[in-house]
Amino acid sequence: MYDDDDLSVLDIEGDLESPLDHMEPIDSGSEEPKPDPEEMLRLLEAADTNQRMLAARAFCELQDTRAVPHLIRLLTEPCPLVRVSAAYALGRNPSRAAVEPLIARFNEDWNGYVRKGVVWALGNCRDRRALPTLIEALKTDISAVRLWAASSLAQMADVGYECVVASIPSLIESMRQDPIAAVRSNCAWAIGQLCRELPSNVVYGTAIDALLEVFAEDGELGVREDAKAALLKVGDPRGLQIIEELERDWFL
């Protein structure tokens with residue numbers, strides 16, 4: 001769906017940070033108070049694009065349900081910096097009303113930073129309607145979006161058993177096959193989070209087997225360590241025993 005080589009959109013070799021991390025702070029002081037919500041609500045409707053962007057960014061710090069309709073509208077702004085700021089702000093102010101507009105923005109937006117913010121916001125919304133979009137993002141998008149899609153799928157633990165079960169196969173596939181080690185690591189972490197919400201059934205057993213496989217076979221030490229950490233947090237007795245046996249064999 002998207003090309004990882006489109007470096008004009010996103011540098012996939014970077015540390016996959018939010019673009020907001022590289023923007024000048026709203027206030028230059030080191031310990032300035034939070035922005036005034038009443039003023040920021042007014043500026044969300046300002047005629048100046050930069051003022052709308054700064055107001056949207058303010059709601060990455062502020063939580064105020066009154067901002068949600070305005071932030072949803074800003075998802076369709078021509079300026080990508082406004083759109084990405086609105087997406088992150090909706091992630092800080094999750095709302096059921098924002099889910100469908102965020103899904104539409106993911107499907108329509110050419111900008112990788114915006115789609116990345118959207119999948120993060122959808123994860124925070126913890127809504128089953130977001131599941132197909134997050135799975136699609138994990139399978140088809142550029143690496144930074146895939147990385148955040150894996151993290152957002154872990155939020156399905158709070159949605160319900162059916163969403164947990166539906167999330168795991170795609171996470172396992174990406175954990176085994178994604179070319180980017182950071183994405184594989186995030187998939188391992190997400191699988192561990194979801195396994196903690198599962199009973200000891202076939203889905204759970206398949207997920208544990210996949211984590212053990214990656215722990216034993218992945219070519220990147222960091223990915224193997226993250227798979228091990230996920231298994232340790234789950235505390236599966238069989239998994240712990242196999243980890244101990246494998247590490248003893250490697251030592252010998």
Side-chain angles (χ1 to χ4, degrees), residues 12-18 21 91 94 116 119-128 130-131 134-139 141 143-252:
I12 68 167
E13 299 300 328
D15 56 5
L16 309 180
E17 295 174 331
S18 160
D21 295 336
K116 176 184 167 187
V119 299
W120 179 77
L122 284 172
N124 282 0
C125 287
R126 294 173 172 83
D127 191 298
R128 66 181 65 249
L131 182 58
L134 295 176
I135 290 174
E136 178 185 353
L138 179 64
K139 290 181 175 181
D141 217 307
S143 56
V145 181
R146 298 197 306 272
L147 181 116
W148 283 53
S151 298
S152 289
L153 283 169
Q155 308 281 21
M156 293 296 111
D158 295 330
V159 179
Y161 175 78
E162 291 182 358
C163 288
V164 170
V165 170
S167 300
I168 284 179
S170 296
L171 286 166
I172 290 175
E173 180 182 0
S174 293
M175 180 177 65
R176 287 171 168 161
Q177 300 180 6
D178 198 282
I180 303 298
V183 177
R184 300 198 303 276
S185 284
N186 255 30
C187 288
W189 174 81
I191 290 168
Q193 294 294 111
L194 295 177
C195 278
R196 295 164 72 178
E197 304 301 320
L198 285 174
S200 183
N201 57 15
V202 172
V203 177
Y204 172 87
T206 301
I208 294 296
D209 287 344
L211 286 169
L212 287 167
E213 174 191 325
V214 168
F215 170 63
E217 299 179 5
D218 195 276
E220 293 284 342
L221 176 60
V223 179
R224 297 199 302 273
E225 287 298 315
D226 286 328
K228 176 184 174 181
L231 287 161
L232 292 175
K233 287 183 179 179
V234 173
D236 178 77
R238 181 175 63 89
L240 297 178
Q241 181 180 354
I242 293 175
I243 288 173
E244 183 178 349
E245 291 172 355
L246 286 170
E247 290 185 330
R248 183 173 61 248
D249 290 345
W250 293 337
F251 179 76
L252 294 175

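Nothing fancy with the numbering, it's 1 onward along the sequence.
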pair [X]-[Y]: side-chain heavy atoms closer than 4.5 Å:
| X | Y | value |
| --- | --- | --- |
| Val223 | Glu217 | no |
| Arg238 | Leu212 | yes |
| Pro179 | Arg146 | yes |
| Ile191 | Ile208 | no |
| Leu153 | Leu131 | yes |

Where do [X] and [Y] come nearest, in terms of heavy atoms and distance?
| X | Y | result |
| --- | --- | --- |
| Val164 | Met156 | CG2-O, 3.5 Å |
| Asn124 | Gly91 | ND2-O, 2.9 Å |
| Tyr161 | Leu198 | CE1-CD2, 3.5 Å |
| Phe215 | Arg224 | O-CD, 3.1 Å |
| Ala230 | Ala188 | CB-O, 3.4 Å |
| Ala149 | Ala137 | CB-CB, 3.8 Å |

Rounding to 0.5 Å, atoms CG (Asp236) and SG (Cys195) come to a distance of 8.5 Å
Within a 6.0 Å radius of atom CD on Glu162, are there more than 12 heavy atoms belonging to other residues, nucleotides or ligands?
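No, the 6.0 Å shell around CD holds no more than 12 heavy atoms from other groups.
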Are more than 12 heavy atoms from other residues, nucleotides or ligands located less than 6.0 Å from atom CD of Glu245?
-> yes
Check: [Y] main-chain N/O paired with [X] side-chain donor or acceptor under 3.5 Å:
| X | Y | result |
| --- | --- | --- |
| Arg126 | Gln155 | no |
| Asn186 | Leu147 | yes |
| Ser152 | Leu122 | no |

Task: salt bridge (Lys or Arg N to Asp or Glu O under 4.0 Å) partners of residues 193-206, not counting sequence neighbours, each pair once - done: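 Every pair satisfying salt bridge (Lys or Arg N to Asp or Glu O under 4.0 Å) with a residue in residues 193-206: there are none.
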Per side-chain contact (heavy atoms from CB on, under 4.5 Å), Leu240 is matched among Leu231, Val234, Leu232 by Leu232
Taking only distance into account, with no hydrogens and no angle test, what donor-acceptor pairs under 3.5 Å do side-chain atoms of residues 167-175 form with protein atoms, sequence neighbours excluded?
unit_1	atom_1	unit_2	atom_2	d
Ser167	OG	Cys163	O	2.7
Ser174	OG	Ser170	O	3.3

Across all chains, not counting sequence neighbours, the side chain to side chain donor-acceptor pair (under 3.5 Å) partners of Ser185 are Asp226
